[in-house]
Amino acid sequence: CGSNGTLGIQHSGPSTATNGQTVTYTIRVVNPAACPAYDAVIWAAIPEGAEFVSASEGGDYDSSTNRVIWRMTKMESREEATLTYEIRLGGSGNYIICVYGSARLVQCVTTRIVQPQLTCDISAPARARKGDEFEVCITASNSGDGDATDVSINLSVDGGAEFSDGSSYQS
């Protein structure tokens, strides 16, 4: 996916025909890519001396360019389509009948906007005696749909508090 590949095309028809005979040709189209092909266009060039008769559903004849054209908005990955057309061959000699194809391959990326939602709860005794140790519990949580990164928690206490490691806090 992501690089503009080509459609796989197999074109088949009889190797011989008689003057004035209506001949059916088959085009097998496949999208071999791992991603969808968009705006696929397949066209068969009708040679000079041949007369367009009909095309399978979706095929349009353009008399100004003498082409049968099929347009497919989207071909999924590995999707196949079978197209047919009929022409009446006249005269004699060899008719070289070519089929062409093109499509746009598109690769898309989805980015979802996320929002972390942080909350912080602190619990500690409402009162403590001077010199008594007590525990302060801080709980941070994220109830949002995105990861919270580079989070820091700062705790400030009134002056004169001493931490259990012997350091003191001064306001």
Side-chain angles (χ1 to χ4, degrees), residues 1-122 137-154:
C1 229
S3 64
N4 193 359
T6 59
L7 298 174
I9 298 175
Q10 290 180 335
H11 187 212
S12 61
S15 59
T16 62
T18 58
N19 185 10
Q21 181 180 355
T22 297
V23 179
T24 301
Y25 292 89
T26 302
I27 305 166
R28 185 177 158 266
V29 182
V30 63
N31 173 14
C35 54
Y38 295 90
D39 303 327
V41 178
I42 308 299
W43 67 95
I46 306 301
E48 194 171 312
E51 177 187 347
F52 172 75
V53 176
S54 68
S56 61
E57 188 173 323
D60 294 315
Y61 178 65
D62 181 349
S63 60
S64 66
T65 61
N66 212 24
R67 293 179 180 175
V68 184
I69 303 169
W70 292 266
R71 298 180 196 300
M72 294 171 258
T73 305
K74 181 180 181 183
M75 284 189 78
E76 295 294 343
S77 171
R78 315 286 187 252
E79 182 179 350
E80 294 183 22
T82 301
L83 314 171
T84 60
Y85 65 99
E86 293 181 321
I87 58 175
R88 187 169 296 113
L89 301 173
S92 61
N94 293 324
Y95 284 88
I96 298 173
I97 305 163
C98 298
V99 172
Y100 304 85
S102 68
R104 288 185 309 115
L105 295 179
V106 178
Q107 182 177 20
C108 302
V109 173
T110 301
T111 302
R112 184 172 65 93
I113 304 298
V114 296
Q115 181 66 43
Q117 182 65 43
L118 297 177
T119 56
C120 187
D121 295 316
I122 300 175
C137 183
I138 302 170
T139 304
S141 60
N142 178 7
S143 61
D145 63 354
D147 292 339
T149 57
D150 299 323
V151 175
S152 64
I153 299 173
N154 297 311

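In this text the structure is predicted, and so the values were computed from the model without any measurement.
Separation of atoms CZ (Arg71) and CG (Asp39) is listed at 10.0 Å; rounding is to 0.5 Å. Remark: Trp43 CH2 to Asp62 CG distance equals 12.0 Å, nearest 0.5 Å. The line from CG of Leu89 to CD1 of Ile46 is 9.0 Å long, rounded to the nearest 0.5 Å.
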- Task: Under the side-chain contact (heavy atoms from CB on, under 4.5 Å) rule, what do Trp70 and Ile27 come out as? Steps first, then yes or no, please.
- Result: CA-CA 11 Å; Trp70 292 266; Ile27 305 166; 3.7 Å; yes
As a quick check of understanding, evaluate side-chain contact (heavy atoms from CB on, under 4.5 Å) for Leu83 and Val99, giving each step before the final call. CA-CA 11 Å; Leu83 314 171; Val99 172; over 6 Å; no
Given the rule in the side-chain contact (heavy atoms from CB on, under 4.5 Å) test, do Glu80 and Val30 qualify, once you have shown the distances and angles that lead to the verdict?
-> CA-CA 4 Å; Glu80 294 183 22; Val30 63; 3.6 Å; yes
With side-chain contact (heavy atoms from CB on, under 4.5 Å) as the test, would you mind laying out the steps for Ile97 and Tyr85 before giving the verdict?
CA-CA 12 Å; Ile97 305 163; Tyr85 65 99; 3.1 Å; yes
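Looking at every heavy atom in both residues, Val41 comes nearest to Ile69 through CG1-CG2, 3.9 Å. Smallest separation of non-hydrogen atoms from Gly49 and Tyr95: O-OH, 3.4 Å. Heavy-atom minimum distance, Phe52 versus Ile87: CA-CG2, 4.1 Å. The shortest heavy-atom contact between Pro14 and Thr24 is CD-O, 3.8 Å. Across every non-hydrogen atom of Tyr25 and Gly13, the tightest pair is CD2-CA, 3.5 Å. The shortest non-hydrogen separation linking Asp145 to Arg112 is OD2-NH1, 3.4 Å.
For Arg28, the CZ atom is densely surrounded, since the number of other residues' heavy atoms within 6.0 Å is greater than 12. Taking a 6.0 Å sphere around CG of Asn19, one finds it holds more than 12 heavy atoms contributed by other residues, nucleotides or ligands.
With no hydrogens or angles considered, no side-chain donor-acceptor pair links Gln117 and Ser143 at under 3.5 Å.
Of the possible polar contacts, none joining the Asp121 side chain to the Thr139 backbone as a donor-acceptor pair under 3.5 Å is found. Panel note: side chain Ser77, backbone Ala33; a donor-acceptor pair is recorded below 3.5 Å.
Exactly one of Met75, Glu79, His11 qualifies for a side chain to side chain contact (heavy atoms under 4.5 Å, CB included) with Val29. That residue is Met75.
Taking the side chain as every heavy atom from C-beta outward, Ile42 and Leu7 approach each other to under 4.5 Å.
Of the charged side-chain nitrogens involved, none lies within less than 4.0 Å of a carboxylate oxygen, so that Arg78 and Glu76 do not count as a salt-bridged pair.
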